[in-house]
Colleague: 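Please find one structure pasted underneath; my questions will follow.
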Number of protein chains: 2
Amino acid sequence: MSISQVHTALERLSNLLRVEARMQGSVEGLLPVQLEVLHYLYQCNRYSDTVQGVSEYLGQTKGTVSQTLKVLDSRGLLRKQPDTKDRRLVHLRITAKGEKLLVNVVPARFLVEALDSKPARETERLAEDLKDLLRAAQAARRMKTFGACKTCRFNESSQSGFRCGLTGESLTIPDIERICREHQYPLASEG
Amino acid sequence: MSISQVHTALERLSNLLRVEARMQGSVEGLLPVQLEVLHYLYQCNRYSDTVQGVSEYLGQTKGTVSQTLKVLDSRGLLRKQPDTKDRRLVHLRITAKGEKLLVNVVPARFLVEALDSKPARETERLAEDLKDLLRAAQAARRMKTFGACKTCRFNESSQSGFRCGLTGESLTIPDIERICREHQYPLASEG
DNA sequence: CATTTTAGTATCGACTCGATACGTTTAATC
DNA sequence: GATTAAACGTATCGAGTCGATACTAAAATG
């Protein structure tokens, strides 16, 4: 059964990612989870860069995430920025220091070593296949999809740029490249 | 850069595996790591079913692994069996109870839901691609490969069956389907 | 305006995990 | 063959993860 083989391979790759992250992180005194949070925030726009967003993405409780963030904040790798309109919200912005650190961690060295020598087309296909798998998995479980606005059914393009049909807010070019918490793929019927 | 996309997708899938394992495991009071150990042992032959083997596979220290194993042992999910020749070694054998438990966990439900509706050929291709990736990654980092004897360069077939060219021991059919710690893929020159 | 929901924090306890130290058995070296 | 080194496994400790629970504050709902 090849589904089991996919599971086994993913489990093993997951271990390698973790081992690699542990190694890379230990240089800076950071743990795998903390690196993952930074990587997530690096890809976020203002809809997803919150404690709740991180919590849903990682599948951890808000309490746990809150603790992780406290560490990252104290090391100057991210900045907490209260929302001006909704004062319950805190936006988590990765700092320049944080981004600099990430460059050494993503993509993991073993992936570069494994894929660099292959034709670019094969790597692209693998990336597409994995994204497909993710999409299918998240759809099946009705999970949040954590996609970028540009692939979202709520994203509308106007003559002045882009706009989120859900919140009504206008979106910048960088915005639509980033992860949104409310992201939903187009309905099947919308082709 | 599609390597980064591969990294991101793998990281996310890794999270899903973990979340799923946490859910499934909580029913039995088991943690993700403990399930992984069981899954590993399920695939092992006598060269790899040791504390050291688990330790290398998971990238954790022997001390950590030893503790995890103590829990699994006390719950009757595995059996410790001292080696008859080398009295330093302890073989870890998964019990029937352990195997029964695994069936509900592997493959993860979200993978089945995502892949079951697709053509079998596509899933097979994905499995092959992932195994390729794994193989390339492990080769590049000179890591242990944790492959089955049947794909190992030391495996020799004789008229009476199979034999490991490294240890000289003869191997049974079930043996060569399982993971070996000393596994090495054939040299490129041996094509 | 009362109630409910949502965002985030704080605290506690069970558990992970690496580091270290240790005992035992086997292999290596002289 | 005696000494030394290496390998396998265990035990203990402390820092840190992580879920559960309880809490405050702000916004949404009615």
Side-chain angles (χ1 to χ4, degrees), chain A residues 15 18-19 21-37 41 46-75 78-92 144 166-167 181-182, chain B residues 15 18-19 21-37 46-75 78-92 144 167 181-182:
Chain A
N15 281 332
R18 206 166 184 79
V19 168
R22 199 175 292 281
M23 270 178 42
Q24 291 290 323
S26 69
V27 181
E28 308 279 344
L30 290 179
L31 295 158
V33 203
Q34 295 164 347
L35 291 175
E36 262 194 87
V37 171
L41 291 179
R46 64 177 170 282
Y47 297 119
S48 52
D49 64 354
T50 62
V51 177
Q52 187 72 24
V54 175
S55 165
E56 287 168 5
Y57 184 83
L58 290 184
Q60 296 179 348
T61 61
K62 286 181 300 174
T64 301
V65 171
S66 188
Q67 272 181 303
T68 303
L69 293 172
K70 210 163 58 176
V71 175
L72 293 174
D73 188 17
S74 73
R75 305 227 182 147
L78 60 80
R79 203 173 63 243
K80 293 188 179 181
Q81 191 175 315
D83 191 291
T84 49
K85 293 172 189 164
D86 186 336
R87 292 196 298 174
R88 293 172 306 181
L89 293 181
V90 180
H91 294 284
L92 307 161
K144 302 238 170 171
L166 203 60
T167 66
R181 233 183 96 203
E182 305 298 339
Chain B
N15 282 332
R18 207 166 182 76
V19 169
R22 197 174 294 282
M23 269 177 44
Q24 291 290 322
S26 69
V27 181
E28 308 280 343
L30 291 179
L31 295 159
V33 203
Q34 296 165 347
L35 291 175
E36 262 193 89
V37 171
R46 65 177 169 280
Y47 297 120
S48 52
D49 63 354
T50 61
V51 177
Q52 187 73 24
V54 176
S55 165
E56 287 167 4
Y57 184 82
L58 290 184
Q60 296 179 350
T61 61
K62 285 182 300 173
T64 300
V65 171
S66 188
Q67 271 181 304
T68 302
L69 293 173
K70 210 163 57 177
V71 176
L72 293 175
D73 188 17
S74 72
R75 307 228 181 146
L78 60 82
R79 203 175 62 244
K80 293 188 181 181
Q81 190 174 316
D83 191 290
T84 49
K85 292 173 190 165
D86 187 338
R87 293 197 296 178
R88 294 172 302 181
L89 292 181
V90 180
H91 294 284
L92 307 162
K144 303 237 169 172
T167 66
R181 234 183 97 204
E182 304 299 339

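The basis for the numbers below is simple: all heavy atoms, side chains too, and nothing from hydrogens, waters or symmetry mates. Residue numbering restarts at 1 for every chain, and letters A, B, ... go by the order of the sequence lines. Remember, it's a predicted structure, so these values are computed and weren't measured experimentally.
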Colleague: Quick one: B/L89 CG to D/dA6 P, roughly how many Å, whole number?
Modeller: 19 Å

Colleague: Nearest whole Å is fine: how far is C/dT16 P from B/L35 CG?
Modeller: 11 Å

Colleague: For a quick test of reading the model, state the closest non-hydrogen atom pair linking A/T68 to A/Q34 and the distance between them.
Modeller: CG2-CG, 3.7 Å

Colleague: Search all heavy atoms of A/T61 against all heavy atoms of A/S55 and return the closest pair with its distance.
Modeller: C-OG, 3.8 Å

Colleague: What about A/R88, does its side chain sit under 3.5 Å from the base of C/dT6 through a donor-acceptor pair?
Modeller: yes

Colleague: Rounded to the nearest angstrom, tell me the gap between atom CG in B/L69 and atom P in C/dC15.
Modeller: 16 Å

Colleague: For A/D86 and D/dA27, give me the distance from atom CG to atom P, rounded to whole Å.
Modeller: 5 Å

Colleague: Closest approach of B/D49 and B/H91, non-hydrogen atoms and distance?
Modeller: OD1-ND1, 2.7 Å

Colleague: May I ask you to say whether A/K85 pairs ionically with A/D83, meaning some side-chain N is under 4.0 Å from a carboxylate O?
Modeller: no

Colleague: Let me know the distance between CG of A/D83 and P of C/dA7, rounded to the nearest Å.
Modeller: 12 Å

Colleague: Tell me the closest heavy-atom pair linking A/T50 and A/L92, and the distance in Å.
Modeller: C-CD1, 3.6 Å

Colleague: What string of B, S and - do you get for nucleotides 16-22 of chain D 5' to 3' if you count protein non-hydrogen atoms under 4.0 Å?
Modeller: SSBB---

Colleague: From CD of B/Q52 over to P of C/dT26, roughly how many Å is that when rounded to an integer?
Modeller: 16 Å

Colleague: What are the two closest heavy atoms between B/V51 and B/K62, and how far apart are they?
Modeller: CG1-O, 4.2 Å

Colleague: In this structure, how many angstroms lie between the C1' atom of C/dG18 and the CE atom of A/M23, rounded?
Modeller: 15 Å

Colleague: What's the NZ-P distance between B/K70 and C/dC15, to the nearest Å?
Modeller: 12 Å

